[in-house]
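A quick note: this is a predicted structure, and the numbers were derived from the prediction, not measured. Throughout, numbering of the chain's residues begins at 1 and tracks the sequence.
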Amino acid sequence: QAYYDDFFSSYGQDFVDASASPLLTENNVGTPGKPQRDATPQRRAYEYMATRGDFLDVTSGTVTMDVERLLQIYALKVFYFTFEWAVEGDDECAWPGVTCRGLGVHADGAEVDEDDLRVVGLSVRGDVSSADRRGVDLVGALPLELAFLINLEQIDLSHNRLDGE
């Protein structure tokens, strides 16, 4: 809870709104903060998040999941949707290529729970064939949303055909 409070006192909801909303609404017309084009990876990730049910208390309209974790899930889903790579389940730490580590410190010795897990590694090597990969390698530009993975320490996207600015 202390980290959450520090995050909001440092960055606040305005940071989240200013960071996420332009990415969601870029090149779209309609409700601010809600992507409008069905085909975009951002729209698909937004719809995925809306169906999860574990980050928003619909009665009060408040976010119940740690915002940093919410953004890492969104960023990873945009990444996977960008490259048309299907992943199963809601545990982002079990998705292919993702390495997580518990960053929470519990004075009472309690175990690290899933809200304390942060993505610290992403490895999607183009020369590795796997049954759950739909292509030989990643082709195209990396989504800007990867910037939401603020604890990322290692990324290996070698042997792919990436481009962009």
Side-chain angles (χ1 to χ4, degrees), residues 1-124 132 141-155:
Q1 185 64 38
Y3 178 78
Y4 180 82
D5 293 340
D6 288 345
F7 180 80
F8 266 89
S9 65
S10 299
Y11 301 106
Q13 186 65 41
D14 292 340
F15 168 77
V16 175
D17 293 341
S19 299
S21 292
L23 295 172
L24 292 174
T25 58
E26 184 177 299
N27 299 318
N28 293 302
V29 177
T31 309
K34 184 173 181 183
Q36 299 297 311
R37 295 187 311 187
D38 292 337
T40 66
Q42 290 81 5
R43 170 66 180 204
R44 293 169 65 199
Y46 179 88
E47 288 175 346
Y48 166 81
M49 296 301 293
T51 61
R52 274 187 66 120
D54 63 347
F55 76 91
L56 182 67
D57 178 353
V58 288
T59 1
S60 66
T62 58
V63 175
T64 56
M65 182 183 286
D66 178 79
V67 173
E68 192 176 315
R69 179 161 180 248
L70 186 143
L71 287 173
Q72 85 178 7
I73 294 168
Y74 174 76
L76 287 170
K77 281 309 256 188
V78 170
F79 174 78
Y80 289 117
F81 285 137
T82 296
F83 297 108
E84 297 296 327
W85 187 2
V87 295
E88 295 181 14
D90 288 336
D91 179 6
E92 71 275 19
C93 294
W95 293 341
V98 174
T99 303
C100 291
R101 182 173 59 233
L103 299 179
V105 176
H106 297 281
D108 60 2
E111 288 187 31
V112 174
D113 65 13
E114 67 180 12
D115 270 347
D116 293 321
L117 295 175
R118 295 294 179 258
V119 174
V120 295
L122 183 60
S123 179
V124 184
D132 58 358
L142 290 174
L144 295 175
E145 287 79 5
L146 288 180
F148 289 147
L149 301 176
I150 63 172
N151 293 295
L152 193 63
E153 298 170 359
Q154 179 267 333
I155 186 167

Engineer: Do K77 and D90 meet the salt-bridge criterion of a basic N to acidic O distance under 4.0 Å?
Structural biologist: no
Engineer: To the nearest 0.5 angstrom, please state how far the CD atom of E92 sits from the CD1 atom of I73.
Structural biologist: 4.0 Å
Engineer: For the CD1 atom of I155 and the CG atom of L122, what is their distance to the nearest 0.5 Å?
Structural biologist: 4.5 Å
Engineer: According to disulfide bond (SG atoms under 2.5 Å apart), does anything in residues 40-71 pair up with another residue at least two apart or in another chain? List the pairs.
Structural biologist: none
Engineer: Could you report the tightest heavy-atom contact between F148 and A75, atom names first, then the distance?
Structural biologist: CB-CB, 3.9 Å
Engineer: What closest approach, in Å, do Y48 and G89 show between heavy atoms, and which atom pair accounts for it?
Structural biologist: OH-O, 3.8 Å
Engineer: Is the closest side-chain donor-acceptor distance between N151 and Q72 under 3.5 Å?
Structural biologist: no
Engineer: Just wondering, are more than 12 heavy atoms of other shown residues or ligands nearer than 6.0 Å to CD in E88?
Structural biologist: no
Engineer: I'd like to check the ring-ring contact (aromatic ring centres under 6.0 Å, His included) partners of F79; sequence neighbours left out, ordered by chain and number.
Structural biologist: F83
Engineer: Nearest 0.5 Å please: distance from the CG atom of L71 over to the CD atom of E145.
Structural biologist: 10.5 Å
Engineer: Any idea which heavy atoms bring D54 and T64 closest together, and the distance?
Structural biologist: O-OG1, 3.6 Å
Engineer: Indicate the atoms forming the closest heavy-atom contact of V78 with P143, along with that distance.
Structural biologist: CG1-CB, 3.7 Å
Engineer: Taking the side chain as C-beta and beyond, is there a heavy-atom pair between V63 and L70 under 4.5 Å?
Structural biologist: yes
Engineer: Quick one: sort the W85 and Y80 rings into parallel, tilted or perpendicular, breaks at 30° and 60°.
Structural biologist: perpendicular
Engineer: Which atom pair, heavy atoms only, marks the closest approach of L149 to V119?
Structural biologist: CD2-CB, 4.3 Å
Engineer: Checking T62 against L56 for the side-chain contact (heavy atoms from CB on, under 4.5 Å) test, could you report, in this order, the C-alpha distance in whole Å, the side-chain angles of both residues, the deciding distance, and whether it holds?
Structural biologist: CA-CA 6 Å; T62 58; L56 182 67; 5.8 Å; no
Engineer: Working to the nearest 0.5 angstrom, can you tell me the gap between M65 CE and D57 CG?
Structural biologist: 13.0 Å
Engineer: Working to the nearest 0.5 Å, report the span between SG of C100 and CG of D91.
Structural biologist: 7.0 Å
Engineer: Evaluate the side-chain contact (heavy atoms from CB on, under 4.5 Å) criterion for residues T99 and E153: first the C-alpha distance (whole Å), next the side-chain angles of each, then the deciding distance (0.1 Å), finally the verdict.
Structural biologist: CA-CA 10 Å; T99 303; E153 298 170 359; over 6 Å; no
Engineer: Hey, what do you get for OG1 (T82) to CG (L142), rounding to the nearest 0.5 Å?
Structural biologist: 8.5 Å
Engineer: Could you go through Y74 and Q42, starting from their C-alpha distance and side-chain angles, then the distance that decides it, and tell me whether this counts as side-chain contact (heavy atoms from CB on, under 4.5 Å)?
Structural biologist: CA-CA 8 Å; Y74 174 76; Q42 290 81 5; 3.5 Å; yes
Engineer: Examine distances only and state if a side-chain atom of S123 and a backbone atom of G97 form a donor-acceptor pair shorter than 3.5 Å.
Structural biologist: no
Engineer: Would R118 and R69 count as a side-chain contact (heavy atoms from CB on, under 4.5 Å) here? Give the steps.
Structural biologist: CA-CA 7 Å; R118 295 294 179 258; R69 179 161 180 248; 3.6 Å; yes
Engineer: When you check the gap from the basic side-chain N to the acidic O, do R44 and E84 get nearer than 4.0 Å?
Structural biologist: yes
